[in-house]
Amino acid sequence: MANQLCIVLDFGGQYNQLIARRVRECGVYCEIRRFDTPLDEIKALNPTGIIFTGGPNSVYDSASPHIAKAYFDLGIPTLGICYGCQLMAYTLGGTVESCEKSEYGKIDITQSEDSLLFTDVPAESTVWMSHTDFVSKLPEGFRTTAHSADCPAAAFECPERKFYAVQFHPEVTHSVFGKQILRNFLFHVCGFTGDWVMDDFIDNTVAALRQQIGGKKVILGLSGGVDSSVAAALLSKAVGKQLTCVFVDHGLMRKDEGDFVEETFTKLFDMQFIRVNCQQHFLEQLKGVTDPEQKRRIIGTEFYNVFWGKIRETGADGFFAQGTIYPDRIESGKGNAAGQGSTDVIKTHHNMVAMPEDIHFAGTIEPLKDLFKDEVRAVGEKLGIPRELVWRQPFPGPGLGVRIIGEITEEKIRILQEADAVFRDEIRKSGAEQDLKQFFAVLPDVRTVGVMGDHRTYDHLIAIRAVTTDDFMTADWARIPYDVLARVSNRLCNEVAHVNRVVYDITSKPPGTVEWE
Ligand code: XMP
């Protein structure tokens with residue numbers, strides 16, 4: 001490891017990975033370690049700086065995570081954030097109390113003293129606070145450098161020992177100068193040089209994967225989505241043909257997508273690639289089924305039946321790899337290295353797959369587990385994955401199954417694939433693509449009367465959907481220019497057999513969802 005190292009010491013806060021990501025954004029290599037990592041181990045890692053994360057506890061709770069006082073004799077520059085700030089004060093002899101009034105949300109702070117931490121930060125600025133305890137008395141040798149209306153020690157420090165503490169969260173974007181404050185700590189206090197780039201992540205991960213995998217085999221379920229594709233490319237770089245990717249093609253992908261995935265991974269990357277073509281099997285299972293939840297269940301269950309069946313055939317004599325990324329772990333409640341239980345289970349994510357009991361791998365490998373989506377994309381681009389795949393929109397696991405309302409038939413899949421391809425083509429040509437987070441066609445179970453030439457038609461309606469959103473929790477329908485919509489409508493009715501009407505979905509989320517089923 002040639003890079004300087006920053007350790008994020010995890011006390012159970014929900015933003016631990018966000019801190020790590022901000023540090024990486026500053027070009028500093030960063031590792032998250034549990035709060036109870038032995039001091040000898042920390043010393044041996046020789047970090048240039050350490051950041052204590054926040055956490056859900058009070059320093060006075062018997063179960064709260066603590067750190068030995070001896071830590072502060074190691075001479076490592078340290079920044080305590082929120083709980084980490086209170087812990088630093090408490091451990092060094094200060095006093096922590098419950099606030100009369102909790103501070104939550106955007107709060108203005110005022111600097112009272114010059115501080116390296118506030119270099120290029122205005123004397124008054126807005127930060128994000130979320131705390132019910134506060135530091136009421138500083139340890140000896142410390143001084144306050146900023147306060148808010150309700151928090152007398154919003155920032156304090158002992159610059160002689162390079163100990164800094166902030167009650168607020170500089171890592172979240174609501175703290176307007178938060179990134180500058182982190183930069184100041186890293187570069188001005190610790191003396192990091194910013195010697196880490198994404199290439200280093202790739203090199204380090206490849207080296208670690210080679211060491212972990214040795215001569216064993218690795219199996220990865222490849223969906224053609226961004227995460228599993230990047231994991232596949234990384235593993236391919238690490239172990240080449242020891243990697244087998246299993247791609248289950250359920251026939252509910254977009255037009256030509258299955259072929260594109262196969263071509264990409266067989267031509268550009270060194271690996272064993274297995275495509276399981278089971279379109280007919282899925283159609284049989286879905287025959288006559290119209291209930292959306294039942295369709296989802298069937299597609300999900302059959303997908304894994306096919307996948308595990310293939311694994312049994314191939315043999316599970318090695319490692320099982322998954323394209324889990326950090327947000328998947330938060331959603332599954334596993335994002336908390338300190339195990340303090342603050343990150344509650346929100347939903348079990350499709351990337352965190354439960355293994356059948358009869359399948360025994362030597363271990364699981366998740367090379368992207370600490371990265372955020374945009375970091376995963378950056379790695380993917382560096383590894384040479386085509387832009388089309390790296391910048392792919394989200395695509396639901398059940399695929400076109402949730403965009404064909406009513407029974408799914410071969411003909412409906414064909415109509416929807418054609419229609420979707422035309423819509424995407426027009427959006428791409430119009431230049432509107434970059435403003436849209438997701439756009440696709442839907443085939444409602446509706447036929448309407450139309451006229452073509454001198455003939456009456458009674459054919460399918462296509463709905464088109466395009467949304468703008470930051471996080472998919474809420475979304476707005478996109479204001480696509482009328483002339484683009486006109487071209488789309490024209491082409492859909494002329495080029496896609498059995499389509500005679502087009503509607504544009506102008507529902508936001510809520511009350512609608514992005515998908516129709
Ligand atoms: P909704 O329809 O819930 O969609 O507003 C929000 C986002 O999630 C995607 N989505 C899914 N992704 N499996 C997935 O991997 C699913 O079952 C699924 N359902 C919806 C949807 O495409 C949108 O981006």
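As the structure lists them, so they are numbered: ligands from 1, and atoms in each ligand from 1. Positions are given from 1, in the same order as the sequence printed here.
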Notebook entry, point to check: Quick one: does Arg296 get a heavy atom under 4.0 Å from ligand 1?
Noted result: yes
Next item on the list: Using distance alone, decide if ligand 1 has a nitrogen or oxygen within less than 3.5 Å of any nitrogen or oxygen in Gln438.
Entry: yes
Next item on the list: Could you say whether the N/O atoms of Phe472 and ligand 1 ever approach to under 3.5 Å?
Entry: no
Checklist line | Subset of ligand 1 atoms that lie under 4.0 Å from at least one heavy atom of Pro398 | finding: 13 (N), 16 (C), 17 (O)
Checklist line | Ligand-side contact atoms (ligand 1) for residue partner Gly397, heavy atom cut-off under 4.0 Å | finding: 13 (N), 14 (C), 15 (O), 16 (C)
Checklist line | Atoms in ligand 1 with a heavy atom of Pro394 nearer than 4.0 Å | finding: 24 (O)
Note to self: So if I count the atoms of ligand 1 from 1 in the order they appear, which ones are less than 4.0 Å from some heavy atom of Lys509?
What the structure shows: 1 (P), 3 (O), 5 (O), 6 (C)
Check: Parallel, tilted or perpendicular: which describes the rings of Tyr304 and Phe307, with under 30° parallel and over 60° perpendicular?
Finding: perpendicular
Next item on the list: For residues Trp128 and Phe177, establish whether the separation of their ring centroids is below 6.0 Å.
Entry: no
Margin query: Do Asp108 and Thr126 pair up side chain to side chain, a donor and an acceptor below 3.5 Å, judged on atom types alone?
Written below: yes
Notebook entry, point to check: Is there a donor-acceptor contact under 3.5 Å from the side chain of Lys295 to the main chain of Gly406?
Noted result: yes
Check: Between Asp459 and Thr457, do the side chains contain an N or O donor and an N or O acceptor separated by less than 3.5 Å?
Finding: no
Next item on the list: Check the side chains of Asp358 and Trp308 for a donor-acceptor pair under 3.5 angstrom, ignoring hydrogens and angles.
Entry: no
